[in-house]
Amino acid sequence: MFSIQKILGGDQKFYDLLEASAQQADGSVHHLVGLLEKLQQDETPENLEEFAHSRREDKRITQELTEQLSKTFITPLEREDIQELAAALYKIPKTVEKIGERILICPEDLRGHSFHKQVELLDQAAETVLAMVKQLRKGIDARTAREMNAKLQTIEGDADQLELDRLRDLFQGDYDPKQVVFLHDLYGLLEKVIDRCRDAGNIILQVALKYS
């Protein structure tokens, strides 16, 4: 097991900031779940303020983390690890907000299409990333990091297969061109968010292996 203090200079504020960023990433996925539930009930939100708040808050956290790094003595390699993880975490709510924006452009085109499985996988991925980030404070060992990252890889593989099945149905089914473009865009963004989660997990695994 390695000591995360070697990376974060023993300062608790870095744990706090990374965990807060991961919480915002996970929260943004919950907002997406809520949005889809409202649409299923024929309710269309007027705006995406919750999504925007998560993205703005995560950006603020990332900026604060960068400022704190400039005030704390950390080796260049360790600084790079923290900045890379912070950047990966911020991309999650940023991409989720894009999904919400696309959905509100043509919410009527979602009728008859369930995104339950995709969002369920996305929720699992975000929860796993949050759990991995929380393990940093405790000193995540290489074995635990491998196991948690393997779970992320499995989720990504399931999501890729699901997207392939949905694309096959989309291009072989009876859909008008506008709906094909709309759904294809959404499928791509959902895949991208899970890829963002995978990226964050890979960074944590690399840190665990480096300091174990």
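All residue numbers refer to positions in the sequence shown, counting from 1. Note that these values count all heavy atoms, side chains included, but never hydrogens, waters or copies made by symmetry.
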Find the distance between CD (Glu191) and CG (Leu164) and round it off to the nearest 0.5 Å.
10.0 Å
Distance check, rounded to the nearest 0.5 Å: Ser114 atom OG versus Gln40 atom CD?
6.0 Å
Under 4.5 Å between any side-chain heavy atoms of [X] and [Y], yes or no?
X      : Y      : answer
Gln135 : Asp141 : no
Asp160 : Ile194 : no
Leu36  : His116 : no
Gln24  : Arg56  : no
Ile82  : Leu65  : yes
Met132 : Leu152 : yes
Glu50  : His53  : no
Leu35  : Leu48  : yes

Closest contact, heavy atoms only, [X] versus [Y]:
X      : Y      : value
Gly201 : Asn149 : C-OD1, 3.2 Å
Ser70  : Arg79  : N-NH1, 3.9 Å
Leu205 : Ala142 : CD1-O, 4.4 Å
Pro107 : Leu104 : CD-O, 3.4 Å
Gln83  : Thr66  : NE2-CG2, 4.5 Å
Phe51  : Ser28  : CE2-O, 4.1 Å

With distance as the sole test, does Thr95 use its side chain to make a donor-acceptor pair with the main-chain N or O of Lys91 at under 3.5 Å?
yes
Salt bridge (charged side-chain N to carboxylate O under 4.0 Å, His left out) pairs touching residues 121-133, sequence neighbours excluded, are none
Apply side-chain contact (heavy atoms from CB on, under 4.5 Å) to the pair Gln23 and Val133, showing each step before the final yes or no.
CA-CA 10 Å; Gln23 287 280 8; Val133 172; over 6 Å; no
Which of Asp16, Thr62, Asp58, Asp26 passes side chain to side chain donor-acceptor pair (under 3.5 Å) with Ser21? Answer is Asp58
Could you list the donor-acceptor pairs under 3.5 angstrom formed between side-chain atoms of residues 179-189 and any protein atom two or more places apart in sequence or on another chain?
residue	atom	partner	partner atom	Å
Gln179	NE2	Asp109	O	3.1
Gln179	NE2	His113	NE2	3.4
Asp185	OD2	Arg102	NE	2.7

Steps toward side-chain contact (heavy atoms from CB on, under 4.5 Å) verdict (Phe115, Leu110)
CA-CA 9 Å; Phe115 285 83; Leu110 289 182; 3.2 Å; yes
Is a salt bridge present between [X] and [Y], judged by a nitrogen-to-oxygen distance below 4.0 Å?
X      : Y      : value
Arg143 : Glu147 : yes
Asp169 : Arg166 : no
Asp81  : Lys210 : yes

Regarding Asp165 and Gln161, do their side chains bring together a donor and an acceptor under 3.5 Å, going by distance alone?
yes
